[in-house]
Amino acid sequence: MSTRTSWADLAANSAAENVTAGSSASNGAVGTTSAPARAAYVPPHLRNRPASSEPPAAAYNGPISNNDRSGYGSGSRWGGPRNDYNRSGYGGGRAGGWGGRGGWDRGREREVNPFGDDDDTEQAFNELENSGINFDAYEDIPVETSGDNVPPPVNTFAEVDLGEALNQNIRRCKYVKPTPVQRHTIPISLAGRDLMACAQTGSGKTAAFCFPIISGIMRGQCPQRPLRGARTVYPLALILSPTRELSMQIHEEARKFSYQTGVKVVVAYGGAPINQQLRELERGVDILVATPGRLVDLLERARVSLQMIRYLALDEADRMLDMGFEPQIRKIVEQMDMPPPGVRQTMLFSATFPKEIQRLASDFLSNYIFLAVGRVGSSTDLIVQRVEFVHESDKRSHLMDLLHAQRANGVQGKQALTLVFVETKKGADSLEHWLCINGFPATTIHGDRSQQEREQALRSFKSGNTPILVATDVAARGLDIPHVAHVVNFDLPNDIDDYVHRIGRTGRAGKSGLATAFFNENNASLAKALADLMQESNQEVPAWLSRYAARSSFGGRNRRSGGGRFGGRDFRRDSSFSRGGSDYYGGGSGNAAYGGASGGHGGGYGPGVTSAWD
DNA sequence: AAAAAAG
């Protein structure tokens, strides 16, 4: 047991050793020879204990001492969140079991510190501080929840017992208090409830679903993973995202949160050699972060089984369920061996949630809670949105003007980061080339580039080496790039939700940002939605855009599904209006935020709230 | 129509 493994695998393996120890079949280490006999159930207090009575501690690198689990053993294969529900007092009196102080044995020492050098964390902290969240910007965020028995939000991390190891990582991240999405999501998730959440990325969403998952895995009943094949691994949590870079980002964050908790996070995505990912998986996995294509590949090779999944989280869930992705997601969630809704716990997140997608998504959920957190950093005052009328043929020179102006007020010789969105991959390449030959260091990211090139481009942009990144929609969602000062919609998207996601790459974590859009007659279909959105976020709407909007407003398509200050509203409200169980938590003086919206779908639940397709 | 995601 020299390599790092997840604690659950360790326990499962030693359980198997227990079973085979006295038999004639015990000739090889588990995981290297032919599949051992299927392990019988081993009570938690006996797990991880060699057949002989040597002391167990040395070989165990899990987060919880063996005895800590003794109260949990129902023997159920799904020792999952549903069981957690009634454990309101859990954790109390067993605090000593958390974190495994003194238990950092050989295996644990090899865990790379994702925060940087342990003894010199200053640098890491400064780095984190720069990308830190501006909490003041969150004070007035409106929050809306609906569903049955919604657990009340928490105001501090201390109120919830996430475990000492996790708390320490929260401190390392300098998270002082939870963001609105965290305040609501954490208690909902700890209560074992399913969740559909509308919240801007950059509002602390990743932490919001990672904390309860990590905490739940740490304290959950030690799962006994079946040993179907020695090379099959059984993650307990699955986090899916639509792009490779976003999966990488989630993985990096989750690694910080799970540092020294014994919870193992592994990432798998396409475009990279699969062998290395397979090796990582073999070393044990509790939380698997993946893109759909690579995961399907792993499932078909039977290298991953979803049989033990307790937690499923879909990031950018609306994107994951749109036409391109839906079949793959259904295959993963419904047609493989994942436990059904109600058995597993499912959490869906996105900044936008069109109602037709909500309807699809409800297939994956069981008695879920809908949570909408007012947009932060996107479509609020934090991002200044400008729209300029630019003919197709003038776009390049106009961009040049913007970049020149920006260079003039660059900070300390470093040019502010500018993210330029274009419609096509070819367009991205040609614009990048043109910028470069005109003296603007630019790079590009899109799906025709190799994964190495994509990652290199992102690094080079983040570091300021090439302060201009030309991107397709691959970079539109979820990517957290600190210090993006300016998002240029060189080509506007056809879908207003895509626009929302794109401009959300600036104004991250409550900071301010600028978004400029080049609009021309080709974008007429977006005019209405764009004008409405800008109006809702107190932006100046040019008169010419309003005229376009009035002209193209007949279509009805592209109308924002939720409207108002949220990326969406619970579609269940549409069919049954005065359904009970809804609550409104105005964060502080949030009510004021409701006043300004026009057009009848600002904040009320009245008949003005209609969906785009009913 | 384009983009993404498996090779």
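A note on names: the letters A, B, ... follow the listed sequences, proteins ahead of strands, and every chain is numbered from 1.
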**Interatomic distance, Leu526(A) CG vs dA2(B) P [rounded to whole Å]** = 18 Å
**Message:** What I want to find out is whether Arg255(A) reaches Glu111(A) closely enough, with some N-O distance under 4.0 Å, to be called a salt bridge.
**Reply:** no
**Item:** Arg396(A) side chain to Ser430(A) side chain, donor-acceptor N/O pair below 3.5 angstrom
**Value:** yes
**Asked** Think Thr472(A) has a side-chain N or O under 4.0 angstrom from the OP1 or OP2 of dA4(B)?
**Response** yes
**Request:** Would you mind classifying the nucleic acid contact of Gln451(A) as base, sugar-phosphate or nothing, using non-hydrogen atoms under 4.0 angstrom?
**Result:** nothing
**Request:** Specify the separation, in whole Å, of atom NE2 of His501(A) and atom P of dA2(B).
**Result:** 22 Å
**Whole-Å gap separating P (dA3(B)) and CD (Gln328(A))** = 18 Å
**Item:** Leu246(A) CG to dA5(B) P, straight-line distance once rounded to whole Å
**Value:** 11 Å
**Request:** Take the protein atom CD1 of Ile445(A) and the nucleotide atom P of dA2(B), then report the distance between them rounded to whole Å.
**Result:** 20 Å
**Prompt:** With a non-hydrogen cut-off below 4.0 angstrom, is Arg244(A) in contact with a base, only sugar-phosphate, or nothing?
**Reply:** sugar-phosphate
**Message:** Between Arg319(A) and Asp497(A), does any NZ, NE, NH1 or NH2 come within less than 4.0 Å of an OD or OE carboxylate oxygen?
**Reply:** no
**Fill in**
Considering only heavy side-chain atoms of Lys425(A), the closest of dA2(B), dA5(B), dA3(B) is dA3(B)
**Request:** Look at the side chain of Phe325(A) and decide which nucleotide, out of dA3(B), dA5(B), dA1(B), has an atom nearest to it.
**Result:** dA5(B)
**Prompt:** Any side-chain N or O of Lys426(A) less than 4.0 Å from the OP1 or OP2 oxygen of dA2(B)?
**Reply:** no
**Message:** Base, sugar-phosphate or nothing for Gly270(A)? Non-hydrogen atoms, less than 4.0 Å.
**Reply:** sugar-phosphate
**Asked** Within this structure, what is the CG-to-C1' distance between Asp448(A) and dA2(B), rounded to whole angstrom?
**Response** 11 Å
**Prompt:** Glu300(A) CD to dA5(B) C1': how many Å, rounded?
**Reply:** 13 Å
**Prompt:** Are side-chain N/O atoms of Asp473(A) and His501(A) paired as donor and acceptor at under 3.5 Å?
**Reply:** no
**Item:** Pairs satisfying salt bridge (Lys or Arg N to Asp or Glu O under 4.0 Å), at least one member in residues 431-449 of chain A, at least two apart
**Value:** Lys425(A)-Asp448(A), Arg449(A)-Glu453(A)
**Item:** Between P of dA4(B) and CZ of Arg454(A), the distance in whole Å
**Value:** 7 Å
